[in-house]
Amino acid sequence: MVQCPSCARRCEPRLTCPECGAPLGVELDLFAALGLPRKLVLDPRELEGRYHEAGRRIHPDRFASAPPAARQASLGSTALLTRAYRTLRDPVSRGRYWLELNGEKLADNNKGVPVELAELVFEVQEQLGELRGARNGSAAALGATVRARRAELEELVARTQEGLERNFARWDEGAEQRQELVRELKSVLSTIAYLRTLARDVDRALESAPAN
Ligand SMILES: [Zn+2]
């Protein structure tokens, strides 16, 4: 139980006081901060709606002349709410947070290139090397090849994210193979992380390539 800094009522930890509606300023898991059950499949519009609605109710401007404890609670709860929204709206950071909640970490499983990407990564790096060393004459053609690669990567990220959504749905169904779901989630997340890094490398190489 916690005590509301505004009306002194005691209640279960939550974002706002059930009695007076003031922010409680207590730490919560990021789903609870948004008043959501711990489910991975989220409707982005609902998430945004909850964020804005709660954000208005607990906004520090509304507590500017309140006693220090209530003002502090407003600042703390607003920071928590913002962190919850930013973490949960992106499926990749939501997945990473889920691993954390389950006592797992991506880093343990994130060393080196994922096996299924090894060939692609090798090819792309080779093309980027050629593009960097290209003279004006051949740069245009190489640039076009690399830009096509960039589009391919984009599509691959989208497809991998669909795999992530399927993994989320299985968690929500209460699938029993927890170990398998953790392993799959880690693998999908590290694939996406790697593809994003590769896409950034491609962007950089394209930016610094000789002009056509
Ligand atoms: Zn209260």
Side-chain angles (χ1 to χ4, degrees), residues 1-110 161-179 181-182 184-186 188-190 192-193 196:
M1 299 285 268
V2 296
Q3 189 167 29
C4 172
S6 292
C7 73
R9 163 161 172 180
R10 295 186 67 75
C11 60
E12 294 295 323
R14 34 180 286 170
L15 192 71
T16 56
C17 171
E19 181 74 26
C20 72
L24 292 171
V26 292
E27 270 308 309
L28 299 165
D29 82 63
L30 302 184
F31 290 92
L34 284 151
L36 291 165
R38 279 196 189 184
K39 295 274 178 190
L40 275 167
V41 177
L42 289 177
D43 174 1
R45 274 168 311 175
E46 195 204 338
L47 196 67
E48 202 188 338
R50 280 172 178 270
Y51 168 61
H52 289 305
E53 194 268 326
R56 271 193 297 276
R57 280 190 287 121
I58 66 173
H59 199 281
D61 284 355
R62 300 189 54 180
F63 298 87
S65 54
R71 223 163 47 219
Q72 205 52 45
S74 160
L75 290 171
S77 290
T78 299
L80 170 70
L81 185 71
T82 305
R83 189 154 48 89
Y85 176 63
R86 289 192 182 148
T87 305
L88 297 186
R89 77 175 159 181
D90 171 31
V92 174
S93 58
R94 192 190 315 152
R96 281 173 176 263
Y97 177 62
W98 190 259
L99 286 178
E100 248 176 69
L101 277 182
N102 282 275
E104 302 277 348
K105 269 211 321 257
L106 189 57
D108 302 338
N109 193 32
N110 200 21
Q161 292 223 25
E162 284 169 21
L164 184 61
E165 296 287 345
R166 278 196 298 277
N167 178 275
F168 285 178
R170 285 179 63 204
W171 279 102
D172 288 355
E173 284 158 14
E176 278 160 24
Q177 307 91 331
R178 186 180 169 280
Q179 282 310 101
L181 287 179
V182 167
E184 187 186 74
L185 181 54
K186 284 182 176 178
V188 174
L189 288 173
S190 68
I192 293 175
R196 283 181 173 178

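As the structure lists them, so they are numbered: ligands from 1, and atoms in each ligand from 1.
- When every heavy atom of Leu80 is checked against every heavy atom of Leu28, the shortest pair comes out as CD1-O, 3.7 Å.
- Screening the protein for N, O or S atoms under 2.8 Å from the Zn ion (ligand 1) yields 4; no waters enter the count.
- Counting non-hydrogen atoms of neighbouring residues, nucleotides and ligands closer than 6.0 angstrom, the CD atom of Gln177 exceeds 12 such neighbours.
- Within the structure, salt bridge (charged side-chain N to carboxylate O under 4.0 Å, His left out) pairs that include any residue of residues 60-85 comprise Glu27-Arg83 (at least two apart or interchain).
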- Task: Take Glu100 and Arg96, measure what salt bridge (Lys or Arg N to Asp or Glu O under 4.0 Å) needs, and give me the verdict at the end.
- Result: CA-CA 6 Å; Glu100 248 176 69; Arg96 281 173 176 263; over 6 Å; no

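- Among residues two or more places apart in sequence or in another chain, the salt bridge (charged side-chain N to carboxylate O under 4.0 Å, His left out) test is passed with Arg9 by Glu19.
- Applying the ring-ring contact (aromatic ring centres under 6.0 Å, His included) rule to Phe63 yields no partners; only residues at least two apart in sequence or on another chain are considered.
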